[in-house]
Amino acid sequence: MGKTANTSVRDLLFGDLWDYAPAPESRDHLTIHERYGHFIDGKFVEGEDHFPSINPATEEQLFEVASADEATVDLAVKAARKAYDKVWGKMPGSERAKYLYRIARMIQEKARALAVAESLDGGKPIKESRDVDIPLAAAHFFYYAGWADKLEYALPGASPSPIGVAGQIIPWNFPLLMAAWKIAPALAAGNTIVIKPAETTPLTAMMLAEIIQEADLPPGVVNIVNGAGQTGAAIVNHPDIDKIAFTGSTDVGKIIQRALAGSRKKLTLELGGKGANIIFDDASLDQAVEGIINGIFFNQGHVCCAGSRLLVQENIADELMHKLRHRVSTLIVGDPLDKNTDVGAINSREQLLRIQELVAAGKDEGAQIFQPSSPLPEKGFFFKPTVFTEVTPSHRIAREEIFGPVLSVLTFRTPEEAIEKANNTPYGLACGVWTDKGSRLFRVANALKCGIVWGNTYNRFDPTSPFGGYKESGFGREGGLHGLLPYLEVR
Ligand code: NAI
Ligand code: MG
C-alpha cells in the first residue's frame with residue numbers, strides 16, 4: 001500500500017503499487033544534423049564559433065551550433081528589413097494568414113519528430129512535449145492566422161499597421177512554444193523577424209526554419225540566428241530593429257531595458273516569477289494536490305509562472321502535506337523519452353548548480369526538506385522533486401526564483417493574510433486559488449497583483465488567453481488579442 005504509515009488520513013492510490021516497464025519513444029523519425037548554422041533570407045547559412053548542444057539526460061553532445069556575431073546579426077536584420085519593405089509589410093492580411101495556417105499544419109504533421117527533438121535537446125518529459133509544447137505551438141499559429149485579416153476589427157477605428165522589424169529573444173524552457181508565441185503574432189500583424197533561440201535548446205527552432213522554408217514563406221520574413229547572450233545583445237543593440245520582445249531572466253530583462261532607454265525601440269519583457277498557489281480549507285484537497293504537483297513539477301519547475309510558493313490554510317496544512325508528500329513520492333523521475341516519466345532532466349549543468357545552491361540555502365536557513373527516497377539516474381542532470389516546509393517569507397527559497405522542481409510551503413490563517421503573503425514579492429506573474437466558494441475565488445483573485453490567476457487549476461495555457469506580468473515579471477502581453485498590440489502601430 002501507500003508509502004506513508006499515517007492511518008488517520010486516507011491516501012490516494014497512485015502508480016506506486018506496481019513497477020512500470022520502460023516505454024521509450026522512438027527516435028527513428030528524427031534526423032539531427034551534425035552542425036547547424038543560421039537561417040537568414042530564406043537560406044540555411046553556415047556559421048562560425050560552433051559550440052555543442054547536449055542532451056541533458058545523458059550529457060552527450062547531440063550536435064554543434066554556430067554563434068552569430070554582430071555582422072551575422074546585421075545580415076539577418078538587413079534581410080528582415082528588405083522583406084518588410086518589399087513583400088510582407090504590404091501583403092494583404094488574408095495572404096499572410098495562408099502562410100501562418102500552412103506553418104501551423106506543418107507543425108502538426110511533424111509533431112512527433114518535434115516532440116522527440118524537444119525532449120532530447122532540453123530534457124523535458126516526452127508526454128509534455130508531445131501533449132503540451134508542440135500542440136500549443138501549432139495552436140498559436142492557427143489562432144494568430146485567424147487575426148491576420150481582421151486587425152481592423154481587433155482595433156476598431158485605430159487603423160492598425162505593422163511596426164517593422166522585430167528582434168526576439170527566447171529562453172530554453174519551452175523552446176518551440178516560445179518561438180511560436182513570438183513569431184505568430186508578429187507575422188500576423190505584418191512584421192518581419194530576427195529571432196534567437198536559447199543556446200541550450202536550438203534544435204526545434206532549426207526544425208521550424210525547415211518548416212518555414214518548406215512553407216515557402218518569402219525569404220527574410222523570419223530569420224533565425226543562433227548564439228548565446230552576446231548574440232542576443234547584438235539584436236537588442238542593432239539600430240535598424242523597431243521592436244524587441246524578450247522572455248528570460250529578470251537580470252537580463254533589466255540589462256535590455258537599460259540598453260533601450262532613450263531609443264525609439266518598443267519593448268516587451270516576460271521575466272521571472274514566484275507564483276503563489278493558495279489553498280483554502282474548503283478546497284477539494286485531492287484535486288488541489290494534483291494542481292500543486294502540476295504547478296511546480298511540470299517541466300521540472302522550469303516555468304516562469306510556476307506555483308513555486310504554496311500557501312496553505314493552517315487548519316488543513318497537516319492533512320494536505322501528508323497527501324502531497326505521498327503524491328510526490330510517486331513521481332517518476334528519469335529518461336525524458338520514456339512515456340512514463342513525470343519529471344525529466346534539468347536543462348543544463350548551470351541550471352542544476354543554481355537549483356542546488358538555492359536548496360542548500362533553504363536548508364541552511366532552517367527550512368525542513370522533503371525528497372522521495374527513490375534514486376536518481378547516475379548520468380545526466382537530474383534533481384529530486386523537493387518540498388520545503390517551515391519556510392518563512394524572509395528565506396531565500398521563498399523570495400528568489402529557483403526555476404527547478406522545488407516547492408516552498410508557507411501557511412496562512414485568513415484570506416487577508418493569504419493575499420498579503422502572495423503579493424509580498426517583487427514578481428507578479430501568476431497565482432492559483434483553490435476554494436469551493438466562487439465569491440472567495442473572485443475576491444482573492446482581484447486582490448492578487450499578478451497577470452494570471454488560475455481558479456481551481458494551474459498551468460493551463462490557451463492561445464486566446466493573454467499572458468504576462470506585473471512588477472518585475474515584466475510588461476506587455478502575449479497571447480490573445482492583447483498579444484497583437486505590441487506588434488501594431490495605431491493611429
Ligand atoms: P537568460 O535570461 O540568460 O536567457 C534567456 C535568453 O536571453 C537566452 O536566449 C539567452 O541567450 C539570452 N541572453 C542572455 N544574455 C543576454 C543579453 N545580455 N542580451 C540579450 N539576450 C541575452 O536566462 P538563463 O541564464 O538561461 O537562466 C537564468 C535564470 O533566469 C533561471 O534560473 C531562471 O530563474 C530565469 N529564467 C526565466 C525564464 C522565464 O521564462 N521567465 C526563462 C529562462 C530563465
Ligand atoms: Mg541541449
Side-chain angles (χ1 to χ4, degrees), residues 32 36 51-65 67-68 73 117-124 167-175 177-179 181-182 194-206 224-238 241 244-260 267 269-275 299-306 308 336 344-358 380-381 400-404 406 427 429-430 451 467-469 472-474 478:
I32 303 181
Y36 289 90
F51 60 93
S53 188
I54 62 158
N55 174 350
T58 61
E59 302 176 49
E60 284 160 9
Q61 177 172 329
L62 282 171
F63 55 91
E64 276 189 332
V65 62
S67 176
V73 169
E118 206 71 306
S119 287
L120 276 174
D121 202 14
K124 65 172 69 203
Q168 306 179 322
I169 296 157
I170 55 173
W172 40 263
N173 51 344
F174 295 92
L177 183 57
M178 289 302 105
W181 277 30
K182 296 265 182 292
V194 176
I195 186 168
K196 188 192 85 63
E199 54 270 37
T200 58
T201 53
L203 184 53
T204 48
M206 294 322 279
I224 305 181
V225 292
N226 280 302
Q230 279 192 341
T231 307
I235 295 175
V236 168
N237 296 316
H238 194 289
I241 283 184
I244 295 289
F246 172 77
T247 299
S249 63
T250 299
D251 287 347
V252 173
K254 287 177 180 174
I255 293 173
I256 293 176
Q257 207 174 358
R258 274 196 289 273
L260 296 190
L267 174 64
L269 296 174
E270 206 267 272
L271 310 175
K274 193 73 188 174
N299 200 26
Q300 296 71 247
H302 301 327
V303 182
C304 45
C305 53
S308 52
I346 299 303
N347 185 266
S348 65
R349 188 186 298 281
E350 292 71 37
Q351 190 58 29
L352 181 61
L353 292 172
R354 253 178 243 136
I355 296 168
Q356 285 166 341
E357 187 209 317
L358 277 156
F381 312 135
E400 294 179 31
E401 182 174 51
I402 301 174
F403 225 61
V406 182
Y427 293 114
L429 193 52
F467 184 100
E472 288 191 21
S473 291
E478 295 186 303

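Atoms within a ligand are numbered from 1 in the order they appear, just like the ligands themselves. Computed from a prediction, not measured in an experiment: that's the story for all the values here.
The side chain to side chain contact (heavy atoms under 4.5 Å, CB included) check on Gln230 picks up nothing, with sequence neighbours excluded. Residues forming a side-chain hydrogen bond (donor to acceptor under 3.5 Å, both in side chains) with Thr201 (at least two apart in sequence, or on another chain): none. Scored by the side chain to side chain contact (heavy atoms under 4.5 Å, CB included) test, Thr58 finds Asn55, Glu60 as partners (sequence neighbours excluded).
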Nitrogen or oxygen contacts under 3.5 Å, ligand 1 side and protein side:
unit_1   : atom_1 : unit_2 : atom_2 : d
ligand 1 : 2 (O)  : Ser249 : N      : 2.8
ligand 1 : 2 (O)  : Ser249 : OG     : 2.6
ligand 1 : 9 (O)  : Ile170 : O      : 2.8
ligand 1 : 9 (O)  : Lys196 : NZ     : 3.0
ligand 1 : 11 (O) : Lys196 : NZ     : 2.8
ligand 1 : 11 (O) : Glu199 : OE1    : 2.6
ligand 1 : 26 (O) : Trp172 : NE1    : 2.5
ligand 1 : 27 (O) : Arg354 : NH1    : 3.2
ligand 1 : 32 (O) : Gln351 : OE1    : 3.0
ligand 1 : 32 (O) : Gln351 : NE2    : 3.1
ligand 1 : 32 (O) : Arg354 : NH1    : 3.2
ligand 1 : 34 (O) : Glu401 : OE1    : 2.8
ligand 1 : 40 (O) : Asn173 : ND2    : 3.4
ligand 1 : 41 (N) : Gly248 : O      : 3.3
ligand 1 : 41 (N) : Leu271 : O      : 2.8

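Closest non-hydrogen pair, Ala306 versus Gly301, comes out as CB-O, 4.4 Å. Between Ala259 and Val236 the shortest heavy-atom distance is CB-CG1, 4.1 Å.
With the Mg ion (ligand 2) as the vertex, O of Thr200 and O of Asp121 span 90° to the nearest 10°.
Not one N/O/S atom of Asn347, from backbone or side chain, sits under 2.8 Å from the Mg ion (ligand 2). Backbone or side-chain N, O or S atoms of Ile54 reach the Mg ion (ligand 2) at under 2.8 Å.
Distance check, rounded to the nearest 0.5 Å: CZ of Phe381 to CD of Gln351 gives 11.5 Å.
For the pair Gln61 (side chain) and Pro52 (backbone), a donor-acceptor distance under 3.5 Å is absent.
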